[in-house]
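The structure appears below as structure tokens.
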There are 2 protein chains.
Amino acid sequence: MPTRDDPWLALLTRAANPSPDPSPDPKQQRSRQRKQELLAAATRIFARDGIAKAKMADVAKEAGIAVSSIYDYYPSKEALAYEIPIQRLAQLYDAFLQQAAALPTMRDRLALFLTMTADHARENPDWARLLYLEIWPSVLIEEARVRRSVDDFGRIIVAMIREGARRGEWSADLDPHRTATILMGSITHMLITWLLYRRPHDLAAATGPMVDQLMGMLDRGVGL
Amino acid sequence: MPTRDDPWLALLTRAANPSPDPSPDPKQQRSRQRKQELLAAATRIFARDGIAKAKMADVAKEAGIAVSSIYDYYPSKEALAYEIPIQRLAQLYDAFLQQAAALPTMRDRLALFLTMTADHARENPDWARLLYLEIWPSVLIEEARVRRSVDDFGRIIVAMIREGARRGEWSADLDPHRTATILMGSITHMLITWLLYRRPHDLAAATGPMVDQLMGMLDRGVGL
DNA sequence: CACCAATTCCGAATATTATTCGCTTTTTAT
DNA sequence: ATAAAAAGCGAATAATATTCGGAATTGGTG
């Protein structure tokens with residue numbers, strides 16, 4: 001059980017509880033549910049056509065409401081699209097937070113985090129398409145909540161690498177940022193090729209060996 | 001000097017000479033030059049605003065021509081954007097082809113390829129922004145030339161890893177695709193964070209250690 | 001040099017699609 | 001039962017990519 005004051009744990013806890021949507025929550029129950037349905041419909045359409053090419057008319061039809069009603073919930077197409085990654089990323093962080101507590105070493109936790117990331121994408125491919133192919137690399141995102149939600153991913157990995165070094169699980173000479181770049185880059189690249197080409201064919205089976213190979217790099221302090 | 005029939009060399013040679021633009025080359029000299037100027041102007045505007053948000057009016061102004069004239073050269077905004085990566089990627093492959101010949105081992109060649117990729121992005125940041133942040137991950141690209149140009153990157157690395165294993169430079173048990181994913185993912189992720197946040201601050205200085213750490217993984221057959 | 005045909009160039013329509021507006025219907029609270 | 005608030009919608013509006021028709025420019029040829 002990690003102690004309360006591990007920096008990585010504090011970071012993770014904050015990431016699992018993102019600042020709420022600043023737009024006022026709809027008053028009526030019906031409407032709050034509609035808002036979620038609309039988000040789900042938008043996720044499907046945006047994943048199918050890409051954010052830029054997707055038409056609001058298609059989103060409206062998928063959600064079963066009028067086009068102009070969309071604007072009662074979200075101020076623009078962009079805002080609608082950018083709302084998508086935040087909730088599910090927070091779910092991932094939260095689920096990891098629960099499961100990580102049971103593991104004794106940072107090595108195991110780091111491996112779990114990478115594995116859960118891949119599994120999460122595999123289980124929510126529409127969401128993953130939007131996140132990894134459109135939103136993550138987007139130059140255009142200025143909205144702070146989205147930026148933070150995505151950036152937290154890197155921060156969590158860096159903090160875990162630091163903590164593992166502090167505990168002596170691997171060499172303290174490994175540059176944490178460089179190592180985090182390798183871990184994140186490898187996993188996201190695997191996911192991107194899977195989303196684009198369905199290679200590897202069996203993502204679930206490929207994730208284990210990938211994580212092993214990456215963790216092996218940490219264990220042996222390669223490249224120093 | 002590699003022998004003529006190395007598969008990786010054949011692949012690289014083809015990649016360095018992409019199939020030409022299928023649209024007819026303009027007849028007049030003036031026009032051929034305009035076409036290049038237009039592409040350069042579009043690169044700047046698209047890198048600044050993103051492809052989706054960039055206005056054809058801005059591209060036209062930057063190029064010093066009328067909006068409608070753009071359509072005399074490229075059939076659509078998309079086609080204009082997608083033409084950008086192809087030429088420079090081919091330049092990169094070609095430059096690597098020249099320099100690789102002087103190196104004795106696949107290990108050195110692979111390291112050079114990764115290094116040159118990072119340098120190429122650093123020297124052409126506008127182009128790199130478009131390629132790595134917008135075009136590479138795009139769901140939407142159906143045009144075969146662009147797809148191939150980008151996919152060649154992965155194919156070249158896989159082929160080099162295979163050739164190195166064949167020569168006994170590293171263990172034949174390393175899965176080439178998985179290892180290629182790690183190499184590509186790490187380098188492109190480093191470039192993406194540099195393009196988005198200018199981290200690492202000094203990309204040129206960070207590239208060497210990154211490549212060393214990655215090559216160390218190959219040398220020692222980590223993760224098996 | 002003068003002319004023609006091909007090419008290049010452009011301003012003004014056209015089409016598509018995100019967004020706004022004003023009104024109607026539904027819900028909630030008293 | 002009623003009024004106020006909220007949610008919903010069809011019809012304008014606006015921004016902008018693309019098309020069109022003709023004017024200007026160029027390169028070749030007698």
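Lettering follows sequence order; numbering is per chain, from 1.
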- With sugar-phosphate taken as primed atoms, P, OP1 and OP2 and all else as base, the protein-contact string of nucleotides 11-24 of chain C at under 4.0 Å (heavy atoms; B, S, -) is B-----SSBBB---
- Message: Within the supplied structure, the quantity of interest is the number of heavy atoms (other residues, nucleotides, ligands) at a distance under 6.0 Å from A/R148 CZ; does it exceed 12?
- Response: no
- Note on the structure: Applying salt bridge (Lys or Arg N to Asp or Glu O under 4.0 Å) to B/R88 and not counting sequence neighbours gives none
- Between A/W136 and A/F153, what is the ring plane arrangement, given parallel below 30°, perpendicular above 60°, and tilted in between? perpendicular
- Message: I want to check one thing: is the phosphate of D/dG8, taken as OP1 and OP2, less than 4.0 Å away from some side-chain N or O of A/Y73?
- Response: yes
- Message: Nearest whole Å is fine: how far is D/dT19 P from B/Y74 OH?
- Response: 17 Å
- Note on the structure: Separation of D/dT26 atom C1' from B/Q33 atom CD, nearest Å, is 15 Å
- Message: Restricting to salt bridge (Lys or Arg N to Asp or Glu O under 4.0 Å), what partner residues turn up for A/D94, sequence neighbours left out?
- Response: none
- Item | Distance, rounded to the nearest Å, where A/R32 contributes CZ and D/dG8 contributes C1' | 18 Å
- Over 60° means perpendicular and under 30° means parallel, so classify the ring planes of B/Y132 and B/W127, tilted if in between. perpendicular
- Message: Rounded to whole Å, how long is the line connecting atom CD1 of B/I51 with atom P of D/dT16?
- Response: 17 Å
- Message: Output the rounded distance in Å from NZ (B/K61) to C1' (C/dC9).
- Response: 19 Å
- Could you please spell out the steps behind the salt bridge (charged side-chain N to carboxylate O under 4.0 Å, His left out) verdict for A/D152 and A/R155? CA-CA 5 Å; A/D152 277 338; A/R155 291 198 198 96; 2.8 Å; yes
